[in-house]
Amino acid sequence: MSVRVRFAPSPTGLLHIGGARTALYCHLFAKANGGSFILRIEDTDLERSKREYEEAMVEDLKWCGLEWHEGPGKGGDFGPYRQSERTEIYKGLAEQLVSEGKAYPCFLTNDELEELTEKAKSENKAPHIYHDKYRDLDPAEAQKRVAAGETHVIRFKNPNKKVTFTDLVRGEVTFPEDMVGDFVIMRSNGMPVYNFCCVIDDWKMEMTHVMRAEEHLNNTVRQLLIYEAFGAKAPEFAHCSLLVGEDRQKLSKRHGATSVVQYKDQHFLPQALMNYLCLLGWSHPEEKDIWDLDEIVSLFDLTRFSKSPALYDIEKLKHFNGEHMRRLSTKDLVSYLKPTLSENHPFHSQSEQWQETCLEFFKEKINTPQELPEHLDVLFSTTPSESEESKEVASWETTPQIKEYVTSEVKRLADEGAEFVSVEAFNEMTNHCKKELKIKGKFLFKGLRLALTGMAEGPDLKVVIPLTPMAVMKSRLAL
RNA sequence: GCUCCCAUCGUCUAGUCUGGUCUAGGACACCGCCUUUUCACGGCGGUAACAGGGGUUCGAAUCCCCUUGGGAGUACCA
C-alpha cells in the first residue's frame, strides 16, 4: 500500500511557522516514499474558522514550495477535503456508534457540567470523572429525548482500558485506563469534535501515516479508542517535537514573527526557511546543513527525528537565508534582490550589467535583503560620514591635497563624458598621489576613500569607485 | 493536581538502538589571529555541553532506577 500523509490545518489564523514545519515533514515523508501528500481543512469550529484564512494558508503553503496531490480545489478520490462539507459522514458514523451502544447522547447543561468539573477538582480527581452521568441511561429513553429535540451532545462510551501504541519517533507510549473518560464526539450544534472527525477522515481517506506535533500526543489515546470502536485499522503515528520560543514555551504569536507570510513579506527565500525549519528537529545523516529540499528527499526518514523541543532562532534563519542567496545564479540574484529595494532607489536606474556586478559584490556582505540598502549607500550617498574616524582622516594635512587633486581629475573625466571613474582611472589617481604627492599607506587610501566616498571605511575602493555613478561623484566633490 | 513526553556547548544538533575508536564532532552567535589602506568576505584558531545521584560493567554521553528540571495535554479548540 502506498504511503498517504496529510497536513490538516485549521483555518483559524495565518499559516504558522510550526504548521509549515509539520507540513514540510509530511510533504518530505510522502515524497521520500513515493506516496501522496494531502491537504485537508479542519474547519469544524464554526466561530473561528474563516474561508479567508484557508485561502491565505493555501497561498503560503504554495510559497513554501509544498505542493499537495489532493485537497480542496484540487480534487482527489477521497473528497471532499473540507470537514465542514463532510458533516453527514460524521453524523452517520456517530449514530452508528450510538446504535451499537458505543456512544450515547448526553443531556448535561453547561452549568451542570461546570459544577461536575468543579466537584471533581475539589476532590482532587480528574476533571472529566463525573461527565458520564448519562452513560447508562436507557437507550429508548435517550432516543425519546433526542427525538423531542432536547439539546444534547454525543459522548463516546470509553471502555476504560489501557492504551499502548508505538510512535514512530517516540517509541512505545502507554496511557492509563482512566485518562480521558467519556469525551464528546459530536457537539450540540451537530458538528463533530476534532478527535472524532480527524479519525473518520484519516480512516476514510486511507491515511497510512499521521505526522503531527507533540501537542497531539495525548489526543492519540482518544483517537485510537475510536478506531477500535469502528474496528478500523489505525495509521502509524509520528509525533515530532514542538517548536518553542525564547521562554521555552510552545511557539505562538506572542513570540514575534511566527507567521509564514511575515517572512514572505520580509523577502526571505522560501528554500532557506524550509531548509532551516527542517533542521529544527531533523538532522542530515552527513550533517550537511545547506541544501534544497529535492537534495534531501531521498535521505529523509523518521529515524533522524529529535525528540526534544527546538528553539526557533531568527538569527540562524538569517544565516541560512544568506547562504541560499549566495547559491543563486546572477540572474536569480538580481530578480530576488531588486524588488526588495524601494521603487525610487537609484539602483533601478542603473544598467543591467551594473546591477549584476553590484549585487554579485554585495551579496557577500549581507544575509537578508533588509541589509542591502545601507551597504548601497557607499555608492549613492552624498552625505559625508561624521564619525570620529572621518574627522581624524579629514584632519590629516595630506587629505586636502588628495581631495584637491581628485576633484580636478574627476571633473576632467566628467567633462569628457565618462559615466563612471574606471578602475584604470582610479589606479592612475592612486599612482599620481603616490608619486607626485608622495603620500602613501593609510594616509593615501583613507584620504582617497574619504575624498571619493565621504566615508572613513567601506568595501574595496577598486570595486566601489567604478560602480559609483558620476553624478554622485560630482555631488560629493561639489562639482 | 493528574497523565504523557523530553533532557549533550547560550542555540540547533552528531554520537545513544548495536557500551570502548568521545581528553564528545559540526553549525549559528561570540572572541582572537592571518590577509587587507579600512570594513566585510575568506582562511586559521579559541571560549563553551554529556542536569544530579545511584546502579550494571573491566569500561557508560551511551543500558537500568531514582531525583531534579523543562514542556505538552487535561474543552461542545485543533
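Because the structure is a prediction, the values reported are computed rather than measured. Chain letters run A, B, ... following the sequence lines, proteins first, then strands; residues in each count from 1.
Nucleic acid contact class of A:T303 (heavy atoms, under 4.0 Å, all strands): none. Using a 4.0 Å heavy-atom criterion, one finds that A:R304 contacts the sugar-phosphate atoms exclusively. Counting any heavy atom pair closer than 4.0 Å across all strands shown, A:D460 reaches a base atom. Using a 4.0 Å heavy-atom distance criterion, A:E389 is classed as making no nucleic acid contact. Counting any heavy atom pair closer than 4.0 Å across all strands shown, A:G447 reaches no nucleic acid atom. When heavy atoms are screened at a 4.0 angstrom cut-off, A:V184 is found touching the sugar-phosphate backbone but no base atom. At the heavy-atom level, A:L448 lies nowhere under 4.0 Å from the strands shown. Contacts of A:K442 with the nucleic acid, taken as non-hydrogen atoms under 4.0 Å apart, involve only primed sugar atoms and P, OP1 or OP2. Contacts of A:E287 with the nucleic acid, taken as non-hydrogen atoms under 4.0 Å apart, include base atoms. Residue contacts for A:H375: at a heavy-atom cut-off of 4.0 Å it reaches no nucleic acid atom on any strand shown.
Separating the CG atom of A:D289 from the P atom of B:A27 is a distance of 8 Å, rounded to the nearest angstrom. Look at CD on A:Q223: it is 15 Å from C1' on B:C4, rounded to the nearest Å. Atom NZ of A:K288 and atom C1' of B:G25 are 16 Å apart (whole Å). When rounded to the nearest whole Å, the span between CG of A:L224 and P of B:C4 equals 15 Å. As a whole-Å value, the separation of A:E286 CD from B:A27 P is 15 Å. Per the geometry, CD belonging to A:E123 stands 22 Å off P belonging to B:U74, to the nearest Å. One atom, OH of A:Y194, and another, C1' of B:U74, lie 15 Å apart when rounded to the nearest Å.
Taking 4.0 angstrom as the limit, A:K250 places a side-chain polar atom (N or O) nearer than this to OP1 or OP2 of B:G73. For A:T44, a side-chain nitrogen or oxygen approaches OP1 or OP2 of B:A78 to under 4.0 Å. OP1 or OP2 of B:A14 has at least one side-chain nitrogen or oxygen of A:S283 nearer than 4.0 Å.
Ring geometry, A:H152 versus A:F107: the interplanar angle falls from 30° to 60°, so the pair is classed tilted. Between A:H27 and A:F37, the ring planes lie perpendicular to each other; the angle is over 60°, past the 30° to 60° tilted range.
Between B:G71 and B:U57, the two C1' atoms lie 34 Å apart (nearest whole Å). On the C1' atoms, B:C4 is 22 Å away from B:U16, given to the nearest whole Å. Comparing B:G25 with B:C33, their P atoms are spaced 24 Å from each other, to the whole Å. A distance of about 12 Å separates the P atoms of B:C64 and B:A7, rounded to the whole Å.
The number of heavy-atom neighbours closer than 6.0 Å to CD of A:E386, taken from other residues, nucleotides and ligands shown, is 12 or below.
When the nucleotides B:G73, B:A75, B:A14 are ranked by their closest atom to the side chain of A:P127, B:A75 comes out on top.
Within the cation-pi definition used here (under 6.0 Å to the ring centroid, within 45° of the axis), A:R222 qualifies as a partner of A:F183.
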Counting primed atoms plus P, OP1 and OP2 as sugar-phosphate and everything else as base, spell out the protein contacts along nucleotides 5-10 of chain B at 4.0 Å heavy-atom distance: B, S or - for each nucleotide, 5' to 3'.
BSS---
